[in-house]
**Q** 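Before I ask anything, let me first share the structure, which is written out below as structure tokens.
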Amino acid sequence: IVNNEPGQDDRAQYPDRFGINLKVSEADLLMKGLQTGIEYTRIGNRTYQSYRTWENFHYQQKGLGYPTSSVEKIGLSLSYFDLFPALIKLQAFYQRAGAIELTDVFRGEKEKFPVGIVEKLWDLNLEFAYFPNVWSRLTARLGYERFGNYRHVKDDNRSNFKLILGLHVNLAFGLKVD
């Protein structure tokens, strides 16, 4: 939503509500079997808190397209497919997010982007997946994340290492009806 009524300078007083998510992916760019992706997201302050979007989310229970406002994120992903039935994936991103909840009321005033105490997140993940058959998947993910101003608390800085192991099994049941 851009404030551009003809003959009025609403943009000088009221905030625009703007969101963008761009992603570029290319296969075999750096080497055969490797898919490379770069992604950029910026969702403006209170993009989803105004008028119709707020009503649609809270009363109509319609999705908004992105789970938060006042956020900017840039990421890189590399996925290597030439070992099929195995897959190796590396993801890294940096994100800064303002202190806004989707349930906040739209205040209709310009604010610095991002709003409030800004949480910063650096995230790095290496994942290995193996598909032994069409019904199952084994996964292992090793990750590191570093937060600045964790949950928007000034100077609460944290780091975490993650190890996630998974076994995914798809089961289907059929009923025979005569």
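Everything numeric in this text was worked out from a predicted model, so none of it was measured. Along the sequence shown, the residues carry numbers beginning at 1.
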**Q** Are Leu138 and Phe128 connected in the hydrophobic side-chain network, where two residues link if heavy atoms are under 4.5 Å apart?
**A** yes

**Q** How close do Gly75 and Phe93 get, counting heavy atoms only, and between which atoms?
**A** CA-CB, 3.7 Å

**Q** With a 4.5 Å heavy-atom cut-off, do Tyr80 and Gln35 have their side chains touching?
**A**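 Contact flag for Tyr80/Gln35 side chains = no.
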
**Q** Starting from Val169, can I reach Leu87 by hopping between I/L/V/M/F/W/Y residues whose side chains sit under 4.5 Å apart?
**A** no

**Q** Please name the residue in the list Lys162, Lys73, Arg146 that meets the salt bridge (charged side-chain N to carboxylate O under 4.0 Å, His left out) test with Asp123.
**A** Lys162

**Q** Working to the nearest 0.5 angstrom, can you tell me the gap between Ser70 OG and Glu101 CD?
**A**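 Reported to 0.5 Å precision, the distance equals 11.0 Å.
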
**Q** Would a hydrophobic clustering, with Ile, Leu, Val, Met, Phe, Trp and Tyr connected at side-chain separations under 4.5 Å, put Leu121 with Tyr150?
**A** yes

**Q** Would you check if the side chain of Glu119 reaches a backbone N or O of Arg151 as a donor-acceptor pair within less than 3.5 Å?
**A** yes

**Q** Measuring from Ser136:OG to His168:NE2, what's the distance to the nearest 0.5 Å?
**A**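 Taking OG in Ser136 and NE2 in His168, the distance rounds to 10.0 Å.
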
**Q** When rounded to the nearest 0.5 angstrom, what is the spacing between CD in Glu39 and OG in Ser25?
**A** 8.0 Å

**Q** Rounded to the nearest 0.5 Å, what separates atom CG in Asn45 from atom OG in Ser69?
**A** 8.0 Å

**Q** Does the side chain of Leu83 reach to within under 4.5 Å of the side chain of Ile88, using non-hydrogen atoms?
**A** yes

**Q** Show your working on side chain to side chain contact (heavy atoms under 4.5 Å, CB included) between Val71 and Gln95 and close with a plain yes or no.
**A** CA-CA 7 Å; Val71 66; Gln95 172 179 291; 3.7 Å; yes

**Q** For Lys89 and Asn125: C-alpha separation, side-chain torsions, deciding distance, then whether side chain to side chain contact (heavy atoms under 4.5 Å, CB included) applies.
**A** CA-CA 8 Å; Lys89 187 173 191 177; Asn125 291 290; over 6 Å; no

**Q** Kindly check if the number of other-residue, nucleotide or ligand heavy atoms within 6.0 Å of CH2 (Trp122) is above 12?
**A**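 Counting other residues, nucleotides and ligands, CH2 of Trp122 exceeds 12 neighbours.
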
**Q** Using 30° and 60° as the class limits, which term best fits the ring planes of Phe84 and Phe131: parallel, tilted or perpendicular?
**A**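 The rings of Phe84 and Phe131 lie parallel, inter-plane angle below 30°.
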
**Q** Side chains of Asp155 and Asn157 only: does a donor on one sit below 3.5 Å from an acceptor on the other?
**A** no

**Q** Work out which heavy atom in Leu165 is nearest to a heavy atom in Ala140; give both atom names and the distance.
**A**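 Looking at all heavy atoms of both residues, the shortest contact is CD2-CB, 3.8 Å.
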
**Q** Who else is in Phe113's hydrophobic cluster (ILVMFWY, side-chain heavy atoms under 4.5 Å, direct or via others)?
**A**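 Phe113 shares its hydrophobic cluster with no other residue.
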
**Q** With distance as the sole criterion, is a donor-acceptor pair present between the side chains of Tyr40 and Glu72 under 3.5 Å?
**A**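 Their side chains do contain a donor-acceptor pair, which is all the 3.5 Å distance test asks for.
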
**Q** Consider only side-chain heavy atoms of I, L, V, M, F, W and Y, link residues closer than 4.5 Å, and tell whether Leu126 and Leu124 are in one cluster.
**A** yes

**Q** Checking side-chain polar atoms at under 3.5 Å, does Asn160 have a donor or acceptor matched by the opposite partner on Glu145?
**A** yes

**Q** What heavy-atom pair brings Gly98 and His152 nearest, and what distance separates the two atoms?
**A**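 It is O-CE1, 3.1 Å.
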
**Q** So, the side chain of Asn149 versus the backbone of Val118: is there a donor-acceptor pair under 3.5 Å, distance only?
**A**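 Between the backbone of Val118 and the side chain of Asn149 there is a qualifying donor-acceptor contact (under 3.5 Å).
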
**Q** Test Arg158 against Asp156 for salt bridge (charged side-chain N to carboxylate O under 4.0 Å, His left out), laying out the working first.
**A** CA-CA 7 Å; Arg158 301 180 182 201; Asp156 185 357; 3.1 Å; yes

**Q** Assess whether atom NZ of Lys110 is packed by more than 12 heavy atoms of other residues, nucleotides or ligands within 6.0 Å.
**A**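 Yes - once you tally the heavy atoms of other residues, nucleotides and ligands closer than 6.0 Å, there are more than 12.
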
**Q** As an exercise, state the distance from CD1 of Ile164 to OG1 of Thr139, rounded to the nearest 0.5 Å.
**A**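 One finds 8.5 Å between CD1 of Ile164 and OG1 of Thr139.
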
**Q** Check for me, please, whether Leu34 and Val24 land in the same ILVMFWY cluster - side-chain distances under 4.5 Å, paths through other members count.
**A**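 No: no chain of side-chain contacts under 4.5 Å links Leu34 to Val24.
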
**Q** Just verifying a value: how many Å separate Thr36 OG1 and Leu29 CG, rounded to the nearest 0.5 Å?
**A** 5.0 Å

**Q** I need the minimum non-hydrogen distance between Ala99 and Gly116, along with the two atoms involved.
**A** CB-CA, 4.5 Å

**Q** Applying salt bridge (charged side-chain N to carboxylate O under 4.0 Å, His left out), run through Arg141 and Glu127 and close with a yes or a no.
**A** CA-CA 4 Å; Arg141 179 186 295 175; Glu127 182 175 344; 3.1 Å; yes

**Q** Within the 4.5 Å heavy-atom criterion, are Phe147 and Lys120 side-chain neighbours or not?
**A** no

